[in-house]
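We name chains A, B, ... by the order of the sequence lines, and we start the count at 1 in each one.
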There are 2 protein chains.
Amino acid sequence: MPPTPAVPHGKRPTLADVAARAGVSTALVSIVMRDAKGAGAATRERVLEAAREIGYRPDTRARLLRSHRSHLLGVQFGLQHPFHSDLLEGIYAVAEPAGYQIALSAVAAGRGEQRATDALLADRCEALILLGPQAPAARLAELAGQLPVVSVARRLRGTAPGVEVVRTADDEGARQAVDHLVALGHRDITHIDGGRAPGAADRRRGYRTAMSRHGLADRVHILPGGLTEEDGATGAHALLDATPLPTAVLAFNDRCATGVLDTFLRARVSVPDQVSVIGFDDSHLARLAHINLTTVGQDIPRLAELAVGRAIARLEGERTPTDEAVVAPHLVIRGTTAGPA
Amino acid sequence: MPPTPAVPHGKRPTLADVAARAGVSTALVSIVMRDAKGAGAATRERVLEAAREIGYRPDTRARLLRSHRSHLLGVQFGLQHPFHSDLLEGIYAVAEPAGYQIALSAVAAGRGEQRATDALLADRCEALILLGPQAPAARLAELAGQLPVVSVARRLRGTAPGVEVVRTADDEGARQAVDHLVALGHRDITHIDGGRAPGAADRRRGYRTAMSRHGLADRVHILPGGLTEEDGATGAHALLDATPLPTAVLAFNDRCATGVLDTFLRARVSVPDQVSVIGFDDSHLARLAHINLTTVGQDIPRLAELAVGRAIARLEGERTPTDEAVVAPHLVIRGTTAGPA
DNA sequence: TCCAATTGCTAGAACGTTCTAGTGAACGAG
DNA sequence: CTCGTTCACTAGAACGTTCTAGCAATTGGA
């Protein structure tokens, strides 16, 4: 049986209401609600009882208006990125036990990053965690001038001083993918890249250097792509138009790889018999059995932990020089890679 | 060139700072910032200039602490539901132009619905929009006693008085799917259901009545399922074990249907040649060309518009009796349905 | 010309918390 | 018995806004 709220709508109970009912001062109620020391056991019980009876809940906005600390971490994420959802799960899991609340702000169709961060700032977040931000480095630097900022999955090489970076070693991931393909016997490996997307430049570079290291510098072939299925499909079409096909394709991410798979399927190009395909992210998509994509997995719990950790460290006064935290990826071999025909 | 913030960290500029710089009272700055009337053109400009110079931003928490209205809508959503992401896009698009802000609270692995709604209440939201809530009706009724509550995609027949419901006509959607299959010549149509998931009961019922209406009551076959790929795969395995196969499968949603497709693919059961498959939601997944799933589409923009609209209507004092808003779905025919072999 | 209405602005009290600085009372040590 | 300490508690001032009055100057109608 849910406790019937004493006050139906509109007015919610306040500290003063509880105080009146328990016959104590508001200050004491505040102490009890925060579980701070300075209240006797009996009174404490009486106050809690009163609070329960009238259905009191502390008002976080008023609370953090007064206390200088807000213990609020603002997180900006993209609604259409499953990868961000996964990161958010991890972020909640780390932040709440550490005593920090999360304020979310989504980037969506008619709602750009500026709008998203503005909302977070207006909410008095103490620090910002930006998932794959696309904003210009100058904007990030500006934000970092106001509060600690952590960029996840977007590299910023000195262009945005003060911004903490947490990212996967994208170049290393691309290298693992190429190594795997070469070990299978592939030599003609095309990379459909991510354009200006976060991480794309590193993956491109990792692909290039890995190819060179295997003596395949002259076989480097990069097609412009992007981070959606459509980008992958476009890239695959370009490959089909300009025969001969490579024997393997390294796509920017899983969504892109899915577009590639799809296009090949419709063109009756068999994967992995004729062409091997590798994605990046190890998203849910990749794990679906009938996609069953070989991919480079990111260590999401670790990324989340680091992101929250860096933000909190900066808040608690740590003054380490800005520094990148780089997390190693790992290849997940599934069914879309095999030796060349 | 971003404006250099006068105050580096910690202290953010307040109304008082702007007032001092512009040589006016804080009240007047407040007026200007809210774009309210009561300030002269020249002073208005001077105040805005001062605000810009020191990088002032209004503090929403303090703002809504004072004003009784908060114009804040709390939205609870599931991180792992692409359908919720789509709804959120629509909700932002409707709410912000209407002058309402959105506070998000996610349901994730270690963070149940209670936690999610508690956070929203503590943030002083004026109304709650719950996407596919799973909480017991009693809990929803309790919430509805405190503030307007809109449940999206979860039907509540009188069990939670005061809760507004916005939903798709799930039974109608299932009917459309069955009609389509029957028109193609199918008679053995199995439904893999959604168990206790929101909407599942209606889809089940729609399937049943549609079958009856076509004189196929004795062919009704319902397998227990759920809302993930895994549930679909489990159902499909059950079908494979108990031959003969039906000629068509209606899955609870697109993810479930994807699991079915996958299992069939691995068992070398050809879709749609041997078995037709229909999903529900018309998610991004269904649109992927190599999934290319025939599915029942929900009118997401309309659902979002209604959800926000009902919440706002209740807030602005409308006292219409609680009532369901039901949105018609529409069949999207793609490549996973054809006539039976 | 005089009173009313309008305009442009300000002082000061809210809002619901937390924090600082107390006040008594009880206690233990000398 | 006296003094310092601890303990349980309270009064009242913040925090950064908005809101209600109200004031002085200007305008306008008769």
Side-chain angles (χ1 to χ4, degrees), chain A residues 7 10-48 50-51 54-72 99 101 121-126 146, chain B residues 7 10-48 50-51 54-72 99 101 121-126 146:
Chain A
V7 188
K11 316 170 180 178
R12 60 192 265 162
T14 77
L15 269 192
D17 298 325
V18 180
R21 180 169 255 261
V24 295
S25 71
T26 61
L28 187 56
V29 179
S30 170
I31 287 171
V32 173
M33 296 317 292
R34 277 174 295 142
D35 213 16
K37 62 177 178 182
T43 342
R44 196 175 283 270
E45 194 43 56
R46 193 153 41 91
V47 168
L48 286 175
I54 64 177
Y56 167 80
R57 339 177 149 262
D59 180 333
T60 45
R61 334 286 281 214
R63 173 173 276 181
L64 63 83
L65 171 60
R66 170 61 229 207
S67 46
H68 209 196
R69 295 294 311 272
S70 76
H71 286 268
L72 196 62
Q101 301 222 73
L121 288 178
D123 267 0
R124 284 193 135 214
C125 294
E126 292 189 297
Q146 300 170 53
Chain B
V7 188
K11 315 169 181 182
R12 60 191 268 161
T14 79
L15 270 192
D17 298 325
V18 180
R21 180 169 256 261
V24 294
S25 71
T26 60
L28 187 57
V29 179
S30 171
I31 286 171
V32 173
M33 296 318 292
R34 276 174 297 142
D35 214 14
K37 62 178 180 181
T43 344
R44 197 175 282 271
E45 192 43 56
R46 192 154 43 91
V47 168
L48 286 174
I54 65 177
Y56 166 80
R57 334 176 153 264
D59 180 333
T60 45
R61 332 288 281 213
R63 172 174 278 181
L64 63 83
L65 172 60
R66 171 61 229 207
S67 46
H68 208 198
R69 296 292 312 271
S70 76
H71 286 267
L72 196 61
Q101 301 223 73
L121 288 178
D123 268 359
R124 282 192 138 216
C125 294
E126 291 189 297
Q146 300 170 51

Distance test, side-chain N/O of B/Arg63 to OP1/OP2 of D/dT18, below 4.0 Å: yes
Regarding the side chain of B/Thr14, the nearest nucleotide among D/dT10, D/dT17, C/dG12 is D/dT17
Between C1' on C/dA14 and CG on B/Leu64, what's the gap in Å once rounded to a whole number? 15 Å
Tell me: CD1 of B/Ile31 to P of D/dG16, nearest whole Å? 20 Å
Side-chain N or O of A/Ser67 versus OP1/OP2 of C/dT18: is the shortest distance under 4.0 Å? no
Tell me what B/Arg57 touches on the nucleic acid: a base, only sugar-phosphate, or nothing, going by heavy atoms under 4.0 Å. sugar-phosphate
Counting only side-chain heavy atoms from C-beta out, which of D/dT10, C/dG16, C/dG12 sits nearest to A/Leu65? C/dG16
Walking DNA chain C from its 5' end, the first of B/Arg124 and B/Ala27 to be reached, judged by nearest nucleotide, is B/Ala27
Between CD of A/Glu45 and P of D/dC9 the distance, given in whole Å, is 13 Å
Distance, rounded to the nearest Å, where A/His68 contributes NE2 and D/dG16 contributes C1': 11 Å
Rounded to whole angstroms, how far apart are CG on A/Leu15 and P on D/dT10? 13 Å
If only atom types and distance count, is the side chain of B/Arg46 paired as donor or acceptor with the main-chain N or O of B/Ala22 below 3.5 Å? yes
Starting at atom CG of B/Asp123, determine the distance to atom C1' of C/dT17, rounded to an integer number of angstrom. 14 Å
Between D/dT10, C/dT17, C/dC9, which nucleotide gets closest to the side-chain atoms of A/Leu28? D/dT10
State which of D/dC15, D/dC9, D/dA11 makes the closest approach to the side chain of A/Ala39. D/dC9
Would you say A/Thr43 reaches D/dC9's phosphate, i.e. side-chain N/O to OP1/OP2 under 4.0 Å? yes
Rounded to whole angstroms, how far apart are CZ on A/Arg12 and C1' on C/dC15? 12 Å
Check for a donor-acceptor pair, side chain of B/Arg61 on one end and backbone N or O of A/Leu65 on the other, with a separation under 3.5 Å. no
Quick one: does B/Ser30's side chain get under 4.5 Å of B/Leu15's, heavy atoms only? yes
Under 3.5 Å donor-acceptor, A/Gln101 side chain and A/Leu72 backbone: no
For D/dC19, does either OP1 or OP2 sit under 4.0 Å from a side-chain N or O belonging to B/Arg34? yes
Under the 3.5 angstrom rule, does the side chain of A/Arg12 hit a backbone N or O of A/Tyr56 as a donor-acceptor pair? no
B/Ser30 side-chain N/O to D/dT18 phosphate OP1/OP2 under 4.0 Å: yes
Euclidean distance, atom CZ of residue B/Arg66 to atom P of D/dT18 [Å, nearest integer]: 10 Å
5' precedence on DNA chain C between A/Ala62 and B/Gly40 (nearest-nucleotide basis): B/Gly40
